[in-house]
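Quick notes on the structure that follows.
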Amino acid sequence: MNPATTPASTSRVSFRHSLRGRLLLWTVLLTGVILSALVLVNYLNFRTRLEDEAGRRATYLANNAAKEIDSRLLNVEVVIDGLARLFETGSVRTSFAAWRSLQISTLRAHPEIQGLGLVLLPEHTPRDWLQSSPYAFRAKDGSVSLDADDDSYVAEDWFALPRYLERPVWSDPYHDPDAGFMVTYSIPLWRTVGDERVFVGVAIADVAIDWLDQLIAKLPLGERGYGVLINRNGTFISHPKREFVLNESIFSIAEETDNEAMRRVGQKLVSGQPGLVHWLSGPEKEETWLAWQALRSTEWTMATIVSKAELYADLIRLSRSAMGLGAAGLVLLLLVIWFIARSITRPVQALNDAVGSLAGGDLDAKLPEPVGRDEVAQLTRAFRGMRDSLKRYIADLAITTASRERMQAELNVARDIQMDLLPKSFAAFRKRSDLDLFALMEPALEVGGDFYDFFFLDDDRLLVAVADVSGKGVPAALFMAVTRSFLRAEFKADADPGRVLRRVNEALLESNPSLMFVTLFCGVLRLSDGRFDYANAGHNPPLIKRTDGRLESVAARSGPAVGPLRGATYATHQLTLETGDGLLLYTDGVTEAMDGLSQLYGEQRLASFYGGQTLPDCRSTLTGLLTDIRQYAAGAEQSDDITLLMVRRLAPPA
Amino acid sequence: MTVAKLAGFSAALLCCLLLGVVASDFAAAAEDASRTALKLALQWRPQSQFAGYYMARNKGLYRAAGLNVTLLHGNAKQGALDMLADGRADLATALLVDGVVNAPQLGLVMQVIRRSNLMLIGWKDQGIVDVASLDQRRISHGNDGAALAFAAFFARHNVRPLVIPQYYSIKLFLQGGVAACSAMEYSEYHLLAQAGIDADRVTTFLMRDYGLGFPEDGLYARSEWIASHRETALALRRATLAGWEYARDHREETLDVVIAEAQRAQLPVNRPHERWMLRHVLDSIFVAGERPESVATLRRAEFESTAQALLGAGFISELPSFSRFAPFDQRSGQ
């Protein structure tokens with residue numbers, strides 16, 4: 001086992017490429033992206049919804065505050081309008097005392113009114129009246145006091161405005177040293193003189209509005225939101241920054257901060273129309289909603305500012321906690337996946353290591369114990385099963401191989417014995433100058449079924465034989481050995497080939513239950529005159545190359561193959577082998593030798609090769625022929641034994 | 001240095017400081033006593049119109065001139081000239097026309113605002129687009145010195161608006177109660193802008209563009225007081241001018257002082273308005289293109305054209321003497 005051949009299978013995988021690494025990486029990435037996207041989408045959705053909601057709230061609160069302020073001021077309007085109508089119809093004009101008592105009772109009935117009075121032009125004051133401007137007010141102790149306004153009223157806006165605008169007017173707020181933050185409502189009084197409506201003065205009510213700041217401050221506009229009240233000129237009447245009140249207007253601040261947009265918004269605010277705009281508030285340019293609603297009583301505008309940044313801060317806090325929760329979940333998920341991945345990859349890794357050893361040939365390497373019933377456990381079990389099968393197979397293989405080797409060894413011995421049976425010593429023949437003989441055999445399997453034989457019956461007669469036993473291997477070899485022994489024995493008793501074959505056939509029959517047969521050609525050559533007696537039991541016809549170049553086939557048949565047929569007879573034929581003629585005996589292993597395409601070598605090719613030889617000597621002719629057959633086969637497996645025998649009579653030396 | 005020594009040293013230092021403070025107070029009181037005490041009544045409530053006086057006082061310019069000036073403010077009910085008349089003030093600021101009307105009794109110490117700021121503003125959406133469109137329309141203006149200029153303006157253009165009195169507020173105009181109203185360029189005209197009214201919504205008639213730009217704020221005293229206090233009057237004139245020059249050169253500091261003054265009087269005030277006023281008042285005192293020596297002086301020609309207009313309108317019965325009216329500016333009129 002070479003450890004260098006298996007490093008890839010047993011080495012650790014880098015974390016990035018490992019199953020666990022990829023699982024973790026992709027889970028974290030994907031979950032992180034999904035989580036972030038969710039939080040983002042949520043944030044944006046909520047932001048839009050909160051923004052819209054805040055805008056609606058700003059509008060709602062501005063409207064509500066305007067309504068509430070209106071409800072208090074309109075109440076005063078109703079009272080004073082009533083008094084004015086009363087005065088104009090003349091019922092109180094005639095009696096100063098009646099007016100005074102009306103003033104007192106009205107003040108008592110309406111605590112929201114701080115003071116009220118009539119301010120008449122002197123020329124329109126009834127003659128019997130003691131004062132042209134009887135005024136009554138609520139003192140600090142709550143009692144009602146009577147007074148007369150001074151006479152510089154003509155210059156005052158609260159007198160001039162209703163006079164020339166010919167409608168009731170609310171003044172801007174002002175600070176009264178005694179009563180605090182006040183506002184005055186004045187309504188013009190008219191008298192009809194002839195066809196003409198003549199202005200005679202105004203009826204006024206002073207109203208304390210100390211509640212205004214508190215009312216606005218209580219609006220739920222968030223920590224950074226606030227409400228402001230402005231008059232029709234943009235001047236602040238209520239503002240969280242007290243120093244702005246009555247000093248600054250939207251337009252003065254716009255001027256000071258060089259903010260044209262603010263001036264434009266200011267103009268919308270004082271237009272009398274309600275509105276809602278996005279607004280960048282303050283020097284920090286904080287994003288806000290600015291909503292406003294005009295009051296019905298005064299011509300003021302109630303405006304509310306709701307910070308968007310404040311909403312965003314809440315939302316960001318929310319998103320951050322969602323993100324934190326998500327991150328914690330992600331970590332948890334990571335841990336769980338880590339453990340699951342480890343429970344998978346650990347046995348897989350252990351299995352991998354073990355299989356690495358297994359692949360390296362160490363079948364005794366310890367495989368991990370399968371834990372649980374999951375796929376990995378199944379895989380582990382499968383590997384165990386495979387390993388066990390492999391071990392069994394290898395054990396069987398070893399046994400089989402051993403028996404094969406033993407059989408091979410025995411076959412080798414058999415072959416050696418068989419080869420030893422064949423005469424191989426040509427040394428005795430080389431001494432004879434009148435004879436040239438050579439034979440060879442190439443068995444197809446280790447033990448072949450062919451044989452050749454030659455020996456001298458006496459000094460002049462030479463026996464040559466070639467046979468081919470049916471079948472191959474050990475049975476054929478044994479049958480061949482028996483046949484050869486019978487043949488030798490019979491020839492020693494009688495030299496007639498035909499009779500020999502008949503006797504051999506009879507002998508073989510006696511112990512041939514599997515009906516094996518042998519084709520056999522044998523002949524006795526008389527060297528002195530070239531007479532050749534022969535018999536052929538179903539064997540390939542030998543070839544004779546005459547010295548004049550002719551090629552003859554020894555085609556005469558004597559009988560069937562020896563072995564299976566009881567009572568078979570064989571005729572002995574004769575021919576003459578002249579000096580120099582070459583007789584070639586062969587088996588069908590020659591003609592049936594096949595090339596790679598299963599084409600037979602054939603008698604034609606054998607004849608043409610043998611016919612083309614100049615017969616220098618038998619040995620080189622046969623080896624040449626064998627070479628030609630091998631070339632023809634071109635490496636294809638040899639299918640049958642190849643057996644050749646060639647003999648020539650030579651002219652004895654003079 | 002030991003602790004005891006340190007304490008001793010500290011005590012000594014404290015004594016020195018206390019002594020110094022007490023001494024300087026005494027010295028100041030003594031100095032004030034040695035200075036000429038003057039009460040100066042300003043026409044109107046605290047605003048940048050009077051910045052130079054505040055700065056002359058606050059920066060010690062009056063004291064340096066040997067004067068101990070107390071500033072008083074007039075109001076709607078009580079004018080500065082009233083205070084001058086009843087002796088509550090030694091000096092008072094007033095428009096030139098008001099000064100000339102009271103000529104025999106009053107003399108001019110210095111002509112502060114030399115260029116007229118008086119104007120009429122009319123609503124375009126009420127049809128006031130030119131002088132002729134003022135005819136028969138209800139307008140408002142003050143019944144003070146401004147009335148003269150407007151009377152001459154209307155007579156010259158042959159229009160007869162229906163005039164109602166205007167006091168210190170332009171609310172009636174802002175609410176559309178009158179088609180036009182009088183305004184000072186340095187004050188009411190800007191209040192209009194601060195009420196969100198864009199300049200293109202109104203038509204303006206600056207009296208100085210129509211040759212009726214009478215000089216405005218001057219510093220007045222009774223003629224006999226001037227005769228007997230020439231040096232004091234001159235010192236006051238110089239110190240007041242120095243105060244205005246200081247205001248010109250230190251505008252934001254001056255605005256701080258003006259705003260503090262207004263806040264002390266519990267009056268509405270905002271900085272951009274006071275800045276606008278200061279700029280225009282300064283431009284009317286230090287008039288661009290005029291020679292430096294004409295600052296704070298009244299020219300005879302200006303005096304005479306104003307007096308003639310008053311005479312023509314019947315506000316006065318005879319022309320006052322320029323040399324008696326403006327004793328310090330006799331030469332400048334030549």
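Within every chain, numbering begins at 1; the chains are lettered A, B, ... in the order of the sequence lines, protein sequences first and strands thereafter. Just so it is clear, the values below take in all heavy atoms, side chains as well, and ignore hydrogens, waters and symmetry mates.
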Checklist entry - What option among B/Ser140, B/Ser169, B/Ala262 has the most heavy-atom pairs under 4.5 Å with chain A? => result B/Ser169

First locate atom [atom1] of [X], then atom [atom2] of [Y], and finally report the distance between them rounded to the nearest 0.5 Å.
X	Y	atom1	atom2	result
A/Asp157	B/Ile170	CG	CD1	10.0 Å
A/Leu165	B/Leu172	CG	CG	5.0 Å
A/Phe251	B/Leu191	CZ	CG	13.0 Å
A/Arg232	B/Lys171	CZ	NZ	10.0 Å

Residue [X] excluded, over 12 heavy atoms near [atom1] under 6.0 Å:
X	atom1	answer
A/Asp210	CG	yes
B/Arg160	CZ	no
A/Glu260	CD	yes
A/Glu123	CD	yes
B/Arg88	CZ	yes
A/Lys241	NZ	no

Next on the checklist: Is any side-chain heavy atom of B/Asp198 closer than 4.5 Å to one of A/Gln267?
Outcome noted: yes

Checklist entry - Do the side chains of A/Tyr164 and B/Ile164 get nearer than 4.5 Å, heavy atoms only? => result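 Counting from C-beta outward, B/Ile164 and A/Tyr164 do come under 4.5 Å.
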
Side chain [X], main chain [Y], donor-acceptor under 3.5 Å:
X	Y	value
A/Arg263	B/Ala193	yes
A/Ser249	B/Gln194	yes
A/Asn247	B/Asn270	no

Checklist entry - How far apart are the closest heavy atoms of A/Asn233 and B/Leu174, and which atoms are they? => result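 The answer is ND2-CD1, 3.5 Å.
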
Next on the checklist: Restricting to non-hydrogen atoms, name the atom on B/Arg271 and the atom on A/Glu248 that form the minimum distance, rounded to 0.1 Å.
Outcome noted: N-OE2, 4.2 Å

Item to check | CA sep, side-chain torsions, deciding dist, call: B/His190, A/Glu255, side-chain hydrogen bond (donor to acceptor under 3.5 Å, both in side chains) | outcome: CA-CA 11 Å; B/His190 184 253; A/Glu255 184 180 346; 2.7 Å; yes

Checklist outcome for this item: Turns out that what part of A/Ser252 lies under 4.5 Å from chain B's heavy atoms comes down to both

Checklist entry - Given the rule in the side chain to side chain contact (heavy atoms under 4.5 Å, CB included) test, do B/Gln175 and A/Leu161 qualify, once you have shown the distances and angles that lead to the verdict? => result CA-CA 9 Å; B/Gln175 302 217 22; A/Leu161 260 53; 3.7 Å; yes

Checklist outcome for this item: So, the part of B/Ile197 with a heavy atom under 4.5 Å from chain A: the answer is backbone

Next on the checklist: Need one label for B/Leu192: side chain, backbone, both or neither, based on atoms under 4.5 Å from any heavy atom in chain A.
Outcome noted: neither

Checklist entry - Given the options A/His175, A/Glu243, A/Glu166, A/Arg264, which has more heavy-atom pairs under 4.5 Å with chain B than any of the others? => result A/Arg264

